[in-house]
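Numbers here simply count residues along the sequence, with the first being 1. From a predicted model like this one, the values you see are computed outputs, not experimental measurements.
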Amino acid sequence: MKISNKRHIPFVAALLLAAASLSAMTTVPGLPGSLGRVVSDSTSHDSTPKEEAPIPESSVIDEVVWVVGDEPILKSDVEMMRMQGQQEGMTWGGNPDCAIPEQLAVQKLFLHQAEIDSIEVSESEIAAGVQQQLNRWIEIAGSQEKLEEYRKESINEIRNDMHDEFKNQQLIQKMKQKLVDDVKVSPADVRSYFRNVPKDSLPYVPTEVEVQVIQVSPKIKQSEINRVKDELRGFTERVNNGETSFSTLARLYSEDPGSARQGGELGFMGRGMLDPAFAQVAFNLTDPKKVSKIVESEFGYHIIQLIDKRGDKINVRHILLRPKVAQDEIEAAEHRLDSIRTDILADKFTFEAGASYISDDKDTKNNQGLMSNSTADGMTSRFQMKELPTEIARVVDTMKVGEISAPFTRINSKNKTVACIIKLKSRVDGHRATITEDFQVMKDVVLAKEREKVLNDWVVDKIKHTYVRVNDRYKDCKFQYQGWIR
């Protein structure tokens, strides 16, 4: 996934966009090197055409390498995707020097068609999708702080970087879905496709599990909550008295490390991108000089200061303090779960009932504790092991179906310590698909191939009817799609 698309040289990029329809780049006065190659100066006193002077590759600032419709693809776009692909262990089909710009070009075809067809993605969809991906990364990294350290960005910088890219991905996905909505396959099509497929070429179905969870959050001592609130009130008083600035206090004391480095500033965000309790207070602020009341969210306790409002987006500073969980409260939560586990094993009540009435995990308690997994194909209760949160996967790995784990603690997506017991509801070990047991898997394979053919034919036809200009260096490339070179 392409996560960041920052422009470090916007002035040069703007010049490139303006020059995209030209067959040659011109030298930009005041900037080192050239944007591609040097051409003759129209103001020269010598009217004799001058031969173009090649410029070393190292002196090129940026360059339009493809144009699709009226959209340019810059050399920097290609290099950025290459670097990010290397970081994520991505492999390219064929020569990456050819495959990467072609992939970018195909994306632009779908985005252009999505605009024509008025495909839309709501801010709430973007916010939810970005947050879901962030939660997964936090689970993998172990904490929000570790993710920020790895990415060398604050959580809000990561979120903002992801916004436009996620929006484009969703537009492309919706456009593709619209194009293949009418593609169907019958049971006869599936049987016919796999009739002569060698056994070792049948799809491999990875191990999948279904997991139920009962979660208990350790209690926060009232004395600790009072300490946090008193500290926040002290911050408010110091700001109101003019003793110091809100941003200075945020840098020194806020426990949101990402925004703390920015003086507590979050950047412009829509309501759907914020915790509901936080958003309710933040969007009601009107005076940038005042500090909000104390707000409790799923992340902790905040005070907020307005910076600016623009339409349906707001920019605020905040200071976050998280009450500390005492070790004896963690032990008490684990002890409670151990008693619950004992009662379940004694058949006093079922795990499902315990999840519904005892668990404080909002995401699972209304589904009898069953965890849900959001995939490209929608929501499912099945997880591959790599898709589970790290601490849960580690416990599940040694369990048998129907077994209930001993209590353990983990850090959830809100960066809070919680205690859990889990039940392994089902496990289907990895295996080669069979037509009797895995018909849906095999049907999905055939359906995917049919959809791929429809999309391939659409791309080829779209290329024929779209203006495309490709830099000469790509003339000898073996592309996936025909028609780029004319």
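Salt bridge present: D97 and R82 bring a charged side-chain N and a carboxylate O closer than 4.0 Å. Note on E403 versus K400: no salt bridge recorded, every NZ/NE/NH1/NH2 to OD/OE distance being 4.0 Å or above. We find that K174 and E125 are joined by a salt bridge, their nearest charged nitrogen and carboxylate oxygen being less than 4.0 Å apart. Residues K365 and E352 are not paired through a salt bridge, judged by the lack of any N-O separation under 4.0 Å between the basic side chain and the carboxylate. One finds no salt bridge joining R151 and E157 here, because no Lys/Arg side-chain nitrogen approaches an Asp/Glu carboxylate oxygen to under 4.0 Å. Ion pairing of K416 with E255 is absent here, as no side-chain N (NZ or NE/NH1/NH2) approaches a carboxylate O to less than 4.0 Å.
When atom types are taken as modelled, the side chain of Q170 and the backbone of I126 share no donor-acceptor pair closer than 3.5 angstrom.
With rounding to the nearest 0.5 Å, the separation of CD in Q215 from SG in C420 is 5.0 Å.
Note: Y467 and W66 fail the aromatic proximity criterion, with ring centroids not under 6.0 Å apart.
Within 6.0 Å of the CG atom in D360, the count of heavy atoms belonging to other residues, nucleotides or ligands exceeds 12. The neighbour count for E149 CD, taken as heavy atoms of other residues, nucleotides or ligands under 6.0 Å away, does not exceed 12.
Taking the side chain as every heavy atom from C-beta outward, D444 and F439 never approach each other to under 4.5 Å.
Note that R271 lies in the cation-pi zone of F283, set by a 6.0 Å cut-off to the ring centre and a 45° limit from the axis. Under the 6.0 Å distance and 45° angle rule, K176 counts as a cation-pi partner of F110.
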